[in-house]
Trainee: 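Next up is a structure, given as structure tokens.
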Amino acid sequence: DRLIEDLSGQLERAQRVLDATRLIARNTPVQLEAAQAVEQQATARYQAGLGTIVERGTMPLERVLEIALDVLRALDTLHTAGYVHGAVTPSNVIVSPEGRAWLTDPMPTDPDSVRVFAGGGLDLAIARWLSPEQTGVLEDPVDARSDLYSVGACLWQCLTGEPVHQAMDTGELLRAQVFSTRRSVR
């Protein structure tokens, strides 16, 4: 009976991931051919991922706002359906040559879930984009606001060329999420 319950739970989680991925695909400007070809998608990620673009330095405000609108529209669709993306990072934002952006690789979680990365093993490169409740710094539930925090962290780096919190290790970053003073983008 326990095995059946465990398998049912895994099936339900897999179905939620599949449903969320379908929602994103339906409501973003991804081309079907690119989505079906793993090799092409990997190449597109490397060449056009927001993470690669951000590494080159700051971006013009108009361009950042265009990307923000595309990402926020995708999140609105996901959140309206009752899901949380859970992995909004520059590497999960693909920017087409035409300038459109779409959000990929959701880790959709039930809005009632708690910390995504509680329990350690959190990499600094990922933690930079996660909300305090996702990293376990706060014991609040992970919900749509967590995704918005992550979008803000991505946009901050696009505009300033640096992460929201400067940190040498994950522990320093987690402390900064709670105790650092606010800075201006200007």
Side-chain angles (χ1 to χ4, degrees), residues 10-56 59 64 66-111 113-119 121-136 141-158 163-164 170 173:
Q10 289 177 10
L11 178 61
E12 289 173 16
R13 284 188 295 280
Q15 186 62 49
R16 284 198 311 259
V17 169
L18 182 60
D19 291 346
T21 302
R22 284 182 178 143
L23 274 170
I24 288 173
R26 262 199 321 260
N27 291 286
T28 58
V30 63
Q31 296 176 359
L32 183 58
E33 297 83 22
Q36 291 175 338
V38 175
E39 184 176 8
Q40 288 176 352
Q41 186 178 28
T43 302
R45 269 182 189 277
Y46 177 74
Q47 294 175 344
L50 186 58
T52 304
I53 295 168
V54 166
E55 289 172 4
R56 296 181 200 145
M59 298 171 63
V64 173
E66 290 170 356
I67 290 169
L69 285 174
D70 285 340
V71 170
L72 291 170
R73 283 184 187 115
L75 284 176
D76 181 53
T77 300
L78 203 57
H79 295 162
T80 298
Y83 294 102
V84 174
H85 186 280
V88 179
T89 66
S91 63
N92 285 340
V93 176
I94 304 301
V95 182
S96 73
E98 296 79 30
R100 297 298 308 265
W102 66 91
L103 195 54
T104 63
D105 293 342
M107 278 189 351
T109 58
D110 186 315
S113 71
V114 293
R115 291 158 283 187
V116 172
F117 289 99
L122 184 59
D123 185 281
L124 178 63
I126 303 252
R128 288 193 188 285
W129 316 110
L130 300 178
S131 65
E133 57 273 11
Q134 284 179 287
T135 61
V142 173
D143 59 21
R145 295 171 294 181
S146 303
D147 284 342
L148 296 179
Y149 177 97
S150 298
V151 170
C154 292
L155 298 177
W156 176 278
Q157 183 139 356
C158 289
V164 174
T170 305
L173 174 71

Trainee: Suppose we screen for side-chain contact (heavy atoms from CB on, under 4.5 Å). Which residues come up paired with Leu155, at least two apart in sequence or across chains?
Mentor: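 So Leu155 forms a side-chain contact (heavy atoms from CB on, under 4.5 Å) with Val64, Ala68, Val151.
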Trainee: I'd like to know if Asp76 pairs up with Arg73 as an ion pair, taking the criterion as any Lys NZ or Arg NE/NH1/NH2 lying under 4.0 Å from an Asp or Glu carboxylate oxygen.
Mentor: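 Looking at Arg73 together with Asp76, the answer is no, because their closest N to O distance does not fall below 4.0 Å.
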Trainee: Please report the shortest heavy-atom distance between Ser96 and Trp102, naming the atom on each side.
Mentor: CB-CZ3, 3.5 Å
Trainee: What's the separation between atom CG in Asp70 and atom CG in Leu75, rounded to the nearest 0.5 Å?
Mentor: 11.0 Å
Trainee: Looking at Gln134 and Val142, would you say the former's side chain and the latter's main chain have a donor-acceptor pair under 3.5 Å?
Mentor: no
Trainee: For Glu133 and Arg145, work out which heavy atoms get closest and say how close.
Mentor: OE2-C, 4.4 Å
Trainee: Shortest non-hydrogen contact from Ser150 to Ser131?
Mentor: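 Answer, listing the atom of Ser150 first, then Ser131: OG-N, 4.1 Å.
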Trainee: Can you name the nearest heavy-atom pair linking Ser91 to Ile94, along with the distance?
Mentor: O-CD1, 4.3 Å
Trainee: Which pair of non-hydrogen atoms, one from Asp105 and one from His85, has the smallest distance, and what is that distance?
Mentor: O-CE1, 3.5 Å
Trainee: Could you measure the distance from the CG atom of Leu103 to the CD1 atom of Ile67? Nearest 0.5 Å is fine.
Mentor: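 Going from CG on Leu103 over to CD1 on Ile67, the span is 12.0 Å.
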Trainee: With Ala81, which residues qualify under side-chain contact (heavy atoms from CB on, under 4.5 Å), at least two apart?
Mentor: Leu23, Tyr83
Trainee: Between Leu148 and Val88, is any pair of side-chain heavy atoms under 4.5 Å apart?
Mentor: no
Trainee: Per the salt bridge (charged side-chain N to carboxylate O under 4.0 Å, His left out) rule, what does the pair list look like for residues 77-88, sequence neighbours excluded?
Mentor: none
Trainee: Rounded to the nearest 0.5 Å, how far apart are CG of Asp123 and CG of Leu173?
Mentor: 10.5 Å
Trainee: Can you name the closest pair of heavy atoms from Trp129 and Ala153 and give their distance?
Mentor: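 Trp129 and Ala153 have their closest heavy atoms at CZ3-O, 3.5 Å.
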